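By convention in this document, chain letters (A, B, ...) are assigned in the order of the sequence lines, proteins followed by strands, and residues within each chain are numbered from 1. Bear in mind that the values here come from a model prediction, so they are computed numbers and not experimental data.
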2 protein chains.
Amino acid sequence: MNSHVPRRATLAQVAELAGVSTMTASYTFGRPERVSAASREKVLAAARTLGFTAPDPAARSLRRGRAGALGVVLGEHLTYAFDDPQATAFMAGVAEVCAEQGQAMTILPVADATTDVARISAAAVDGYVLWTTEDGAPVVDAAIATGRPVVVHSGPAAAGAHVVGIDNRAAARAIGRLVFAGGTVPAVLSFPLTAARAAAVVAGPDPDDATFPVTRERLLGFRDAADDVGTDWADVLVAVCSTNDAREARAMTQELMSRADRPDALATMSDELASGAFRAIEAAGLHVPTDVALTGWDDAEAARAQGITSVAQSMREQGAACARYALTGTRADFTDQWHIVERASTAR
Amino acid sequence: MNSHVPRRATLAQVAELAGVSTMTASYTFGRPERVSAASREKVLAAARTLGFTAPDPAARSLRRGRAGALGVVLGEHLTYAFDDPQATAFMAGVAEVCAEQGQAMTILPVADATTDVARISAAAVDGYVLWTTEDGAPVVDAAIATGRPVVVHSGPAAAGAHVVGIDNRAAARAIGRLVFAGGTVPAVLSFPLTAARAAAVVAGPDPDDATFPVTRERLLGFRDAADDVGTDWADVLVAVCSTNDAREARAMTQELMSRADRPDALATMSDELASGAFRAIEAAGLHVPTDVALTGWDDAEAARAQGITSVAQSMREQGAACARYALTGTRADFTDQWHIVERASTAR
DNA sequence: CTGTTAGCGCATTCAA
DNA sequence: TTGAATGCGCTAACAG
């Protein structure tokens, strides 16, 4: 059976046509400085006539024992990964370091729980960077089990994996204090607690019910902040959104604003959520910050444009750090790499 | 020299421990249904004790002749790729199909022109999808030269590559007509013409000076539209932005609005650009659409929020179609897959 | 600077 | 259902 795809030429064929040994041909592509100009020309000419562009990557990987690629595991459905500006900033940082190190970047989308583990294990990569994972996600263990370096962004902590991220609890406590001081009825607009992504408004939820480490840590920090300002966490309304989406945030905030016990200080977990909240507050005929104090998170363009106080951190740098660690073992500590940018939304 | 990284177990070692042949172990992972339950159990138990998670991907690729991955070439610096919502929507579509087909998605960032071609050629992928490429970009030829399937999004056309995208010229003509009819002094806010990304305001540039196919086609369409409304293209101001960025668009538009021959009908190449233009127009004390008619492109959230007329197309679907073509050969025609969404920004 | 040898780990082919 | 033999294409290690 003749395949219509022409079989690619091999290095051995190129060498034969060039009248040199296979190794000379190999060196021509892999370590050109070790080959005389004359041989190199002969080899390249032969390669050109045979349509040989580069040594077969699979054979090269097998022989060298390295894949030449870093795997990025998007721990959840793609919609949430590519739609989220923070996630894309993170990936841009990873990509930057990969390019700089001459490595490819392999996206390993998590799709079907029954096959994800196998796909992670079988990936042709030299290390893994994991984004947005739930506690106990099987993909984390699958990555660790391969024996290759694993970096997890913002938890969960796991033996055998390096964690990169800021101290979300401390940052949440700091910004929570700031916003809660601007009112008397604090509330929180939250990311989903679990991968089930249930949306709801609840009073004083147990932060430990959140299986997303980022959500949990920030809830813990907001609870700390409530304590700091003398409010009982049990009285604090937490509106949980199913996604990091301004529209949903707007709807949830609308609900909060129409309650008898209307909050007047709203801490949110992202600038997208804050942006939606801002619009809902104005739409309700209320004003930020006089009627409702408001904060976001990430110091994104939306926060700047709308004058929303936010937590600044660089996802791009964190992505780069994750990649650098996985590829070269270089450590970087981001624990304290955040600060609060105060804007009009929390002005007294 | 002992590496601290433990050598991974091989299939042969697993087989030996399980007391079966290597092939039985191989089948257990590759085609489990062909192995008796008893053997399978023995093999899996042995694998577990040896920490063997999956057959070596490089060896498997070499033997099978397939990499199991699709390459996505981001034709330009990463900043522009991951910062652009359209690009990320496109990648989400590619990723979706890769996940569905059980393939990995390898991002091949273009970084250093001297090594890009080699990286493209040497990538362990079964096909290529190219995004945002300039005419004559060497990476296109490099991808084609590998003999693997190549799909280019929105041009440039090249022998051996399949092109996916809408008819940008026709769409530009249609929306250009609409916006230009809303005034008497038309102007255009454009993407960069070439990879040099020079920013400038020029009157009636030759569309063929643009080496980015998307830019060129849209300029051609806007020129058609100018003809349609009886305006000499040579009199049409084109403000060229260096990136697809609202801030830069705002500054460029501010410049346009302060001219004696102030435009009153502005066609832009994206909703980001339109969004920046909108703010500049309002900041100049003018009003959309009464003082200046305005259009965007892509029907993104920004256009919806600000009521900007736009060209709707699905980048996600186009990304999915590109991946599907490269992976399975399935064709899809997007030529006419666009429509105009009219909003207040072009209301008479 | 160039060549020889050897084998990376696996799955196809064929036989039992 | 299982197994033996073979070689995918390449490059490390070592001569010469």
Check your understanding: CZ of B/Arg8 versus P of C/dC8: gap in Å, rounded?
Key -> 15 Å
Review point. Is any side-chain N or O of A/Ser36 closer than 4.0 Å to OP1 or OP2 of C/dT2?
Key: yes
Review point. Does atom CD of A/Glu16 have more than 12 heavy-atom neighbours from other groups under 6.0 Å away?
Key: no
Review point. What nucleic acid atoms does B/Arg60 come within less than 4.0 Å of, heavy atoms only: base, sugar-phosphate, or nothing?
Key: sugar-phosphate
Check your understanding: Contact class for B/Thr22 (heavy atom, under 4.0 Å): base, sugar-phosphate, or nothing?
Key -> nothing
Review point. Between D/dT1 atom P and B/Arg40 atom CZ, what is the distance in whole Å?
Key: 10 Å
Review point. So what does A/Phe29 hit on the nucleic acid, given a heavy-atom distance under 4.0 Å: a base, only sugar-phosphate, or nothing?
Key: nothing
Exercise for review: With the side chain of A/Thr24 defined as its heavy atoms from C-beta on, choose the nearest nucleotide among C/dT2, D/dA12, D/dT1.
Suggested key: C/dT2
Point to revise | A/Phe52/A/Phe29 aromatic ring centres below 6.0 Å | key: yes
**Study point:** N/O (side chain, A/Ser26) to phosphate O (OP1/OP2, D/dT11) under 4.0 Å
**Key:** yes
Revision key, fill the gap. Ranking C/dT2, C/dT12, D/dC10 by distance to the side chain of B/Tyr27, first place goes to C/dT12
Check your understanding: Which nucleotide sits closest to the side chain of B/Arg31: C/dT2, C/dT12, D/dG9?
Key -> C/dT12
Exercise for review: Indicate, with a heavy-atom threshold strictly under 4.0 Å, whether A/Leu62 touches base, sugar-phosphate, or nothing.
Suggested key: base
Review point. Nearest of C/dT2, D/dT1, C/dA11 to any side-chain atom of B/Arg63?
Key: C/dA11
Practice item. Measure from CZ on A/Arg66 to P on D/dA12 and round the result to the nearest Å. Key: 13 Å
Practice item. Write down the atom of B/Thr28, the atom of B/Arg40, and the distance for their closest heavy-atom approach. Key: CG2-CG, 3.7 Å
Revision key, fill the gap. Against the side chain of B/Asp56, the closest entry in C/dC1, C/dC10, D/dT11 is C/dC10
Revision key, fill the gap. A/Arg64 CZ to C/dG9 P, in whole Å, measures 16 Å
Point to revise | Nearest listed nucleotide, side chain of A/Phe52, among D/dC8, D/dT2, D/dC10 | key: D/dC10
Practice item. Would you give the length of the straight line joining atom CD of B/Gln103 to atom CG of A/Leu108, rounded to the nearest 0.5 angstrom? Key: 12.0 Å
Revision key, fill the gap. Nearest-nucleotide check on DNA chain D, A/Met23 vs B/Arg34; residue mapping nearer the 5' end is B/Arg34
Review point. When you look at CD of A/Gln13, are more than 12 heavy atoms from neighbouring residues, nucleotides or ligands closer to it than 6.0 Å?
Key: yes
Point to revise | Shortest side-chain distance from B/Ala59, nucleotide among D/dA12, C/dG9, C/dT2 | key: C/dG9
Exercise for review: Find the distance A/Leu11:CG to D/dG7:P and express it as a whole number of Å.
Suggested key: 19 Å
Practice item. Nearest whole angstrom, please: distance from the P of C/dG7 to the CD of B/Gln13. Key: 15 Å
